[in-house]
Amino acid sequence: MAHRPNPYEPTVSTHLTAGQSALLEAALTTRQRELDRRLAEHQGGLSRAEHAREVLNQDSDDISHREADREMDMALNDRELGELGEVSAALRRLHNGSYGQCADCGEGIAFDRLKVEPWALRCVGCESRRETSRRA
């Protein structure tokens, strides 16, 4: 009978070298800082709702143009917030020892995949199956 790991105990990622882990941690930390900076700059110290109201109230004769600008602005903000959440979660996994393990099959995620998307949750095979099932 195969040993199944306890899902409540952190697993140590053994397929990444210490150098690879350090490189990925640096990439994640850099991206986290960049996203934090961009979000702060983008919102100018305002809350999300205050910022949306400010964009909507900007000088423009065309209200539909202002609404389109607000929608685009909010979409960009949502995307950056989502990515920041993924990056932060990846850093937590890195620090608790579960980083680089596929959320679906439990196998190690290839270093080449993590270099491209360091916050990846799934190996290429599982991510491909997930995307295919979403399209169906």
- Query: Can any side-chain N or O of Arg122 pair as donor or acceptor with the backbone N or O of Ser128 at less than 3.5 Å?
  - Reply: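 It does not hold such a pair.
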- Task: Check whether any side-chain N or O of Gln101 sits under 3.5 Å from a backbone N or O of Ser98 as a donor-acceptor pair, and report yes or no.
- Result: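 Absent.
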Transitively linked via ILVMFWY side-chain contacts under 4.5 Å: [X] with [Y]?
X      : Y      : answer
Leu76  : Val87  : no
Val124 : Trp119 : no
Leu121 : Phe111 : no

If you compare all heavy atoms of [X] against all heavy atoms of [Y], which two are closest, and at what distance to 0.1 Å?
X      : Y      : value
Ile109 : Cys102 : CG1-N, 3.8 Å
Leu114 : Gly100 : CD1-CA, 4.1 Å
Ser21  : Leu16  : OG-CB, 3.7 Å
Arg38  : Glu80  : NH2-OE2, 2.5 Å

Between atom [atom1] of [X] and atom [atom2] of [Y], what is the distance when rounded to the nearest 0.5 Å?
X      : Y      : atom1 : atom2 : value
Arg92  : Leu28  : CZ    : CG    : 11.5 Å
Leu35  : Glu83  : CG    : CD    : 4.5 Å
Arg129 : Glu127 : CZ    : CD    : 10.5 Å
Leu91  : Thr29  : CG    : OG1   : 5.0 Å

- Message: Can you tell whether the side chains of Arg31 and Glu34 come within less than 4.0 Å, N to carboxylate O?
- Response: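 A salt bridge links Arg31 with Glu34.
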- Query: Can a salt bridge be assigned to the pair Lys115 and Asp112 using a cut-off of 4.0 Å between side-chain N and carboxylate O?
  - Reply: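 Answer for the salt bridge query: yes.
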- Query: Do Gln32 and Ser88 have side chains that get closer than 4.5 Å, going by heavy atoms?
  - Reply: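 Answer yes - side chains close enough.
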